[in-house]
Amino acid sequence: MSDLDLIQRSKEKALKGERLNRDDIIALLEIDPDSKDAEILGKVAREVAAVVTGNSGSVWASIGVDYKKCAMNCDFCAFGRKWGIVKDESERDSREIIELVRQFVSHGARWITLRTTQFYGIERLTQVVRDIRASIPGEYQIVVNTGEFNETEAEILSGAGAQMVYHTIRLREGINTRFKPEDRIATLASVNSSPLDLAYLVEPVGTEHTNSEIADVFLTAMEYNARLCGVMARVPLPGTPLSDYPQISERRHAQIVAVTRLAAGYHAPDICAHPPSRLAVEWGANVVVVETGAIPREGADCKTEWHGFGLETARDYFTNAGYGFYSGREN
Ligand code: SF4
């Protein structure tokens, strides 16, 4: 089958609510990102995005709560204790977090993510969720991105006011990380057994990863019913062990985003591209991330928005790509 036939058939499957199989996903990932066929793949993915999202773009605002050394030493993360990147540790308290949430929500963020290092603690995180809910009314969703937890803790987080969990099996989990993949899987299963939704990007994608590895990590997201999916590129941060491997090109990033759009269809209607990319939004992503604070891709605690990318720029990306904008407010 030609690439164009495969792209067309994938669109039809996505719109019928059918998932793509592993072979089709790998074949789409094998299209040269610099080719005309990749542009057609991107255009078709954008058409599917219009249907399954109601043509709506949304912002994921992420607050890095604790700028701390982390004993897990993942090979791509600024916080790994062994890499010596974090010198002066710091942490945002509830008051500072609430002020950031207020700003993000007032500018139309749909998700507010509290991202912590691995051992921040579920009890403390639950209290932050409660504090936010008690202070800031609104339709926004609270997402937690933290360490491992069990079903009981997932229920407690839900009861406190969280709606979603960001959790993944990372590419080369157990090789470029010190985790047992089964421990990460146990947390995905806990999310699935709770009222919380799952957000799960294929990450952190670098030039070192094969198409089969990318397909398998994506299929795990589908297996655990991710409602939000997409692709995060690895940012080669100097001082981390993977920094010699270059970042994937913007076209390759956008191509993988387009493949996740077609492969996820209605199952994960929200598809995110991180770092933000105009091309990825044109090729089917309807979610971008605005982030601040402790960021695993940055060698310092970020006092403002990472790389100057804020809500207004995100809105401009969506408008230029022909999306409406989810603001959570009456406009
Ligand atoms: S990715 Fe998470 S677990 Fe790994 S070093 Fe960074 S904070 Fe720790």
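Note that the structure is a prediction, hence the values are computed from the model and not measured. If you read the sequence from its start, that first residue is 1, and numbering goes on from there. Indexing begins at 1, ligand by ligand and atom by atom, following the structure's order.
- Contacts between Asn73 and ligand 1, counted as non-hydrogen atom pairs separated by less than 4.0 Å, involve the backbone only.
- Across Val144 and Ala162, no two heavy atoms sit closer than the pair CG1-CB, 4.4 Å.
- For atom 4 (Fe) of ligand 1, the set of nearby N, O or S atoms under 2.8 Å includes one belonging to Cys74.
- Judged by distance alone, the side chain of Glu298 and the main-chain N or O of Ile295 form no donor-acceptor pair under 3.5 Å.
- Between Tyr317 and Phe309, the ring planes are perpendicular. Angles over 60° get that label, and only those under 30° would be called parallel.
- Each of the atoms 3 (S) of ligand 1 lies under 4.0 Å from some heavy atom of Gln118.
- Distance check on atom 4 (Fe) of ligand 1: some protein heavy atom falls below the 4.0 Å cut-off.
- In this structure, atom 6 (Fe) of ligand 1 lies nearest to the protein heavy atom Cys77 SG, 2.3 Å.
- At least one N/O/S atom of Cys70, whether from backbone or side chain, sits less than 2.8 Å from atom 8 (Fe) of ligand 1.
- Ion pairing between a basic and an acidic side chain is recognised when a charged N comes within 4.0 Å of a carboxylate O; Glu282 and Lys43 show no such pairing.
- Between Trp111 and Trp60, the ring planes are tilted. Angles from 30° to 60° get that label.
- Residues Thr210 and Glu213 have side chains that bring a donor and an acceptor to within less than 3.5 angstrom of each other.
- Within the 4.0 Å heavy-atom criterion, neither part of Arg178 lies near ligand 1.
- Numbered from 1 in the order shown, with element, the atoms of ligand 1 that lie under 4.0 Å from a heavy atom of Phe179 read 3 (S).
- The ligand atoms of ligand 1 that sit less than 4.0 angstrom from a heavy atom of Arg170 are 1 (S).
- Residue-ligand proximity: Arg81 is placed with every non-hydrogen atom at 4.0 Å or more from ligand 1.
- In this structure, Arg110 satisfies the cation-pi test against Tyr326, with its NZ or CZ atom closer than 6.0 Å to the six-membered ring centre and inside 45 degrees of the ring normal.
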